[in-house]
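First the structure, in the form of structure tokens, and then the observations on it.
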Amino acid sequence: DEKLKTYRKTGEKRVIDSSRVIHVKRKDKTLYKAELFLKEVEIKKEKSLLACVNNIEQLEKIKKEEEQGKILLDMSLAGYVAMDGKGTVSIFNNKAEEIWGWKASEVLGQNVKMLMPEPTRTNHDGYLAKYALTGAKMVLNTTQMLEAEKKDKSKVHVQLTVKEMKIRDESLFVGHVSDATYIKTQQQQLAIAENIRQMSPTPLLSITATGIIQLASTSVAKMFGYEEKELLGSNVSMLMPPSIAVFHDGYLERYKEDRIRRVIGTLRELDGKKRDGTLFPVRLSIQEINSDDYEAFYVGSIEDIGEEKELEKKVVVTTQLLDLSPVTVVVMQIDGIVQRTNTSMQRTFGYTKEEVVGKNVKMLMPDHIAQNHDAFLANYKKTGIKRIVGSKRVVVGRRNDNTEFMAEVSVTEVVGDDHPNVYVGYVNDMTMEEQAKEACVLCSAITTLSIVPIVSIDTQGHVLKFTPSAEEAFGWESSDVLSQNVKMLMPPELAETHDEYLAKY
């Protein structure tokens, strides 16, 4: 009442023509919050005050709920974008700002197509109009991987789910959006891994911590004689011989408990078991893959070493045969480095095999030949002109004690499709042969000078030697007797039985 008196007296407006929030008392004495608007009006030349009172409690409740909803939206790890039937954006939360790079203030009230790349941007209004006309849902209630356009015009992969809401018969479309860059990258990596799995020549196998096969490359399935689908979900022990398979689950459990690596991180050779039950040698390498995001698993690469083992056997047999040979064998590269030799090396040159392999072959030559040998090899490599390769010649060799000896050498070039050419040399020590020749010459000289007639025959009775003294004693020339039967030198009664004596002997 006092305020009204003051207004009538002064005419100063403090409340009139403005609005303010006040509390209003109901008949039941309860209070509610209201917005008051007071205006002065003149009715029949008398001034009156007209008050408009609006209960704003419901409105404030709605605002509070909107604020709470906005907080929840902004706290969400997913982006939310809402629009009306014309594409006008009404919600654009913090995560949406992060995905697109736009501020909410820049997007709210704008057409949602600003967030899309061409040609979707140009066509989007048409999509909305078509939906309003036909009601045919193409995107609604689905989850799709799409490409969005950021503020800086760069593209980003997003995963989008759109739902339609009806508010007072008006459509509101709410999109749940997540940045799918990581998902897309993972999908690409999985696609790459799948192609690698199918194309990899190296057999690869992945198992869980309990031994269940979760991935098998095409080549590993082929190696063991299975279809890929037969391996997936099966226990890896099916690929092992019974002696190992029966214990394998226990090995995995033991490793899980003590974490002591016995096989993991090592390279092992063992037997694998094919579908038909046959065993074959393999080389196995296993690695453990750990992550905080998923349970540990194991990846193994498997190599069929059957051919390698057969080759090793052949090498062993060849080495044994070489070591049985009385002739020294030297295998060398084009640069003169010795790759292999046999035990006869020690008998001929005085070196063990270990002392020669990996060294230059010129260590077996006297200095005047050794100093030029590398040049001979280089010239042959350049010109291909064969001077020693493919031939046999007598050369001088040098032993470990620096003594020299005569040797007969023949060299053969071995041309390989999958390995560099190698050269095999056969060295025959001619020392004994030369000594034998010298002995023969000496023996011949002695027998020629002997005054005692000497006749030598073979087991058939053919004359091999007929000395000058024998010529004098029998009166025959050696040319008439050599290669003839010795019984020509005997009287008939002995001659006719001599062949029998020899046969009987």
Side-chain angles (χ1 to χ4, degrees), residues 59 62-196 198 291 293-294:
L59 182 62
I62 292 172
K63 283 184 177 179
K64 185 176 180 181
E65 288 176 350
E66 284 182 348
E67 288 176 357
Q68 289 175 340
K70 186 177 186 306
I71 291 171
L72 290 174
L73 281 175
D74 286 341
M75 290 175 63
S76 173
L77 296 178
Y80 281 94
V81 181
M83 67 177 187
D84 60 19
K86 295 181 179 179
T88 303
V89 179
S90 57
I91 294 175
F92 196 77
N93 72 341
N94 287 350
K95 188 62 179 180
E97 289 183 341
E98 183 182 321
I99 293 172
W100 271 279
W102 291 97
K103 294 293 184 183
S105 58
E106 298 174 297
V107 179
L108 295 175
Q110 304 298 317
N111 194 300
V112 73
K113 64 186 179 184
M114 69 183 289
L115 307 177
M116 306 171 186
E118 292 293 354
T120 308
R121 178 184 297 157
T122 300
N123 298 328
H124 194 256
D125 289 341
Y127 298 153
L128 291 175
K130 183 177 180 180
Y131 174 68
L133 183 65
T134 65
K137 297 179 179 180
M138 305 297 290
V139 178
L140 289 176
N141 301 326
T142 65
T143 299
Q144 297 191 13
M145 195 75 70
L146 303 171
E147 197 173 56
E149 185 175 280
K150 301 177 74 171
K151 183 178 180 179
D152 62 5
K153 303 300 180 184
S154 64
K155 304 297 187 294
V156 60
H157 292 285
V158 295
Q159 188 172 335
L160 173 66
T161 303
V162 181
K163 299 286 185 181
E164 182 181 15
M165 300 173 59
K166 289 289 187 179
I167 300 177
R168 292 187 293 275
D169 295 328
E170 294 290 332
S171 290
L172 180 69
F173 301 96
V174 180
H176 176 283
V177 187
S178 58
D179 186 341
T181 303
Y182 176 76
I183 297 174
K184 196 71 175 177
T185 301
Q186 289 298 100
Q187 288 177 339
Q188 289 174 343
Q189 292 299 323
L190 285 173
I192 292 170
E194 176 62 15
N195 278 279
I196 290 174
Q198 293 180 0
S291 173
D293 299 327
Y294 44 76

Would you mind listing every ring pair (Phe, Tyr, Trp, His ring centres under 6.0 Å) that reaches into residues 104-126, with sequence neighbours excluded?
none

Just verifying a value: how many Å separate K151 NZ and K103 NZ, rounded to the nearest 0.5 Å?
8.5 Å

At what distance, to the nearest 0.5 angstrom, does CG of N93 lie from CD of E98?
10.0 Å

Do the non-hydrogen side-chain atoms of M114 and V89 ever get within less than 4.5 Å of each other?
no

Rounded distance (nearest 0.5 Å) linking atom CG of N111 with atom NZ of K86:
11.0 Å

Kindly check if the number of other-residue, nucleotide or ligand heavy atoms within 6.0 Å of CD (E170) is above 12?
no

Check whether any side-chain heavy atom of F173 sits under 4.5 Å from a side-chain heavy atom of L140, and report yes or no.
yes

Say you draw a straight line from CG of L160 to CG of L115; how long is it, rounded to the nearest 0.5 Å?
10.5 Å

When you compare the side chain of K150 with that of K155, does any pair of heavy atoms fall below 4.5 Å?
no

Of all heavy-atom pairs between M145 and A180, which one has the smallest distance, and what is that distance?
SD-CB, 3.2 Å

Should Y80 and H176 count as side-chain neighbours, where that means a heavy-atom distance under 4.5 Å?
yes

Over 60° means perpendicular and under 30° means parallel, so classify the ring planes of W100 and F92, tilted if in between.
tilted

Where do K130 and M138 land on the side-chain contact (heavy atoms from CB on, under 4.5 Å) test, with the steps shown first?
CA-CA 10 Å; K130 183 177 180 180; M138 305 297 290; over 6 Å; no

Please round to the nearest 0.5 Å and tell me the distance separating atom CG of D179 and atom CD of Q159.
10.5 Å

Rounded to the nearest 0.5 Å, the OG1 atom of T88 sits from the CD atom of Q110 at a distance of 8.5 Å

Under the side chain to side chain donor-acceptor pair (under 3.5 Å) test, which residues partner K153, sequence neighbours left out?
none

With S90, the side chain to side chain contact (heavy atoms under 4.5 Å, CB included) member among L172, V112, V174, D84:
L172

side-chain contact (heavy atoms from CB on, under 4.5 Å) between N141 and K163, worked out:
CA-CA 6 Å; N141 301 326; K163 299 286 185 181; 3.4 Å; yes

What heavy-atom pair brings V81 and A96 nearest, and what distance separates the two atoms?
CG2-CB, 4.1 Å

Considering only heavy atoms from C-beta outward, does the side chain of K166 approach that of S171 to under 4.5 Å?
yes

